Structures are given as structure tokens and as C-alpha cells.
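Here's the structure, in C-alpha cells; my notes come after.
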Amino acid sequence: MNEDGRPDPATEAFVSHRKLLFTVAYEMLGSAADAEDVLQETWLRWAGVDHETVREPRAYLVRIATRQSLGRLRALSRRKETYVGPWLPEPLLTAPDVAEDVELADSVSMAMMLVLETLTPTERAVFVLREVFGLGYEEIAEAVEKSPAAVRQIAHRARSHVAARRPRGVVSATETRAALDAFRRALETGDLQGLVDLLAPDVVALSDGGGIKQAMPRPVVGAEKVARLLAAGVAAFGPLMTAEPTRVNGHPALLMRIDGEVEMVVALRIDDGLVTGLYSVRNPQKLTRMEHETALGR
């Protein structure tokens, strides 16, 4: 803090880029708790830098956050190996401005975050920094400690990998809300037909309880099996659970409560007008950000 009460330039630079740094870390890790830890580590390293030698604070901070995220991502990968059941990204309650930035909303959607999980740590870092945040190859090369030529090759490989797996076509919020409304009606009335009609033949349902809450131990694949799963869920929870529309990771979702307490978040992946992915997060350790909005930005 300066004598006039204002933050010093180093603190001002960090605070002004905090939203960006959190978003970089979250997109690389899929965990808000780990992203916050990365921010702490980034600040500690930034505080020890000779700031007079730093020409571009934004690029320098992104470089620190990326390197910290890469180290944490490798540790997180080891944790996932012993995770009970399917692992899903930690959902974030987001403000309307995230949805207005279509590219940002697409990059943090639950469906896209699961696609990013299929990349290697370095591929993920390069893809996020290049495709989402528009960094140059030289800047990315410094962040991931590779040559610019190697980064170009990694970027090409990552783009091809993601293109083959990302949702097909642009999905409107209206389409997603219609599918979620059918889900909510099924809970309220027990009539599943409206929802079943929207399931793609190869739909995949994933449920993340983290070994804390009851959840499917493995993915459920196929419209018939998912329909039976939904019927069992409606029978078990329908009378007890309320479903309220919300916006998670920049897209429409449902926030499910029992006795007013957050029980589950449901998000969808839609391809060509049909539900191809149904994601439910029940692990309470991943639902801590569903009462207050998380700021994301580029």
C-alpha cells in the first residue's frame, strides 16, 4: 500500500488481472478450489519479482499461473486415478456476462471441460492459452517452456483433437432450456416421455458423487438405459426435490435442492438438437460455489 492509501502497482496489476488468472487456472484444472490455490501461489511468486524488469504484467502473470497450473494438473491427474466413480468439473454459478461472451461460455461449458480432460497437460495449456485467451505462440512458449515451433505443433494437434470431440454445431440457450424444462417436468409430474424424446440414441449420463453421495459408479450409455436411470431417479427424488433454473459455466442448468439445501447440479450436452450428455454433480465438495456467482473473464 502506498502512502496515499492506494495499492502499489504490483498489487494493482495482480488485482486487475485476477479474474483472467482464475479463469486460466480453472479451464486448465476444472476445479475452482485448485484454481484459487494457483492464484495464491501466483501472487506469492509475483510479490517476489523485480517489477521494474517486467514489461508486460499481464503476460508475466499468465505465465506464472500457467506454470503453477501445469504442476497442479499433474498432481490432480494422480488424484483422479483414485477418485470414486466418474469425475466431473466443479460447476460454477456464473453471471450473465459470461454467457454474452460466446467463446468464453463455450470454453467453460461442462461438455467442453470434459473434452479438455482428454488432452495432455501441455496440450491443454496450449489450447486454452491460444484458442480461448488469444496469446501468441512466443508468449505460450515461455509459459509452457517449449520452443515456439513446438508450441505450433502442439496447438495444431490439440485443435484437431478437440474438434473431433467438441459438441457439434452451435447450441442455443433456448434448446438447452427446453431440455431442462422437460427434465423438471419429469421430476414434478413423473411423466418422462418429454425428456426421453430428447435423448440421443448414444446419450451418456455421468454422475459425480465423489464417494460421498450416492452416484452412478460408471457412465450409463444409451437412451434406453438412461431413461430407466431417470425413471428410478424421479421415483426416488421427485416428491422431495425442487429444481430451479440457473446458469452454470455460462449455460442454462438446473440447481436441485432438498429441504432448501443444494443437492445436485444438472447440466446437458446437446448435439444436433438431442441430448448426448447428461451430467449430474452431487459431490458436496464441488457444490460450494452454487450460492454465489464466480467472476470469469478474458
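Computed from a predicted structure; not experimentally measured.
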Determine which pairs satisfy salt bridge (Lys or Arg N to Asp or Glu O under 4.0 Å) with at least one residue from residues 194-212, sequence neighbours left out, and list them in order.
D208-K286
Which distance, rounded to the nearest 0.5 Å, do you find between the CD of E123 and the CD1 of I154?
7.5 Å
Look at the aromatic rings of Y60 and W46 and report parallel, tilted or perpendicular, splitting at 30° and 60°.
tilted
E100 with R247: basic N within carboxylate O range, under 4.0 Å
no
Hey, are the side chains of F133 and T23 touching, using non-hydrogen atoms and a 4.5 Å cut-off?
yes
R18/E36 ion pair, N-O < 4.0 Å:
yes
Does E244 have more than 12 heavy atoms from other residues, nucleotides or ligands lying within 6.0 Å of its CD?
yes
Taking a hydrophobic cluster as the set of Ile, Leu, Val, Met, Phe, Trp and Tyr residues connected by side-chain heavy atoms closer than 4.5 Å, whether directly or through intermediates, do L180 and L92 fall within one such cluster?
no
Counting heavy atoms not belonging to K146, are there more than 12 under 6.0 Å from its NZ?
no
Determine, stepwise, if the pair K19 / E293 fulfils salt bridge (charged side-chain N to carboxylate O under 4.0 Å, His left out).
CA-CA 12 Å; K19 189 161 62 171; E293 291 178 351; over 6 Å; no
So does Q193 have more than 12 non-hydrogen atoms from other groups sitting under 6.0 Å from CD?
yes
Using 4.0 Å as the upper bound for N to carboxylate O, is an ion pair formed by R45 and E41?
no
Using a 6.0 Å distance limit plus a 45 degree cone around the ring axis, check whether R124 lies over the aromatic ring of F127.
no
L229 versus L278: any side-chain heavy-atom pair under 4.5 Å?
no
Sub-4.5 Å side-chain heavy-atom contact between M264 and S207:
no
What about I258 and V266, same hydrophobic cluster or not, with Ile/Leu/Val/Met/Phe/Trp/Tyr joined at side-chain heavy-atom distances under 4.5 Å?
yes
Whichever hydrophobic residues join V204 through chains of side-chain contacts under 4.5 Å:
L88, L93, M110, L114, L206, V221, V248, L255, V262, V265, Y279, V281, L287, M290
Side-chain heavy atoms of K213 within contact of E263, under 4.5 Å:
yes
Within the distance-only criterion (no hydrogens, no angle test), does the side chain of T94 pair as donor or acceptor with the backbone N or O of G250 below 3.5 angstrom?
yes
A side-chain contact here means heavy atoms from C-beta on lying under 4.5 Å apart; do N249 and Y26 qualify?
yes
So D181 and R184, do their side chains get closer than 4.5 Å, heavy atoms only?
yes
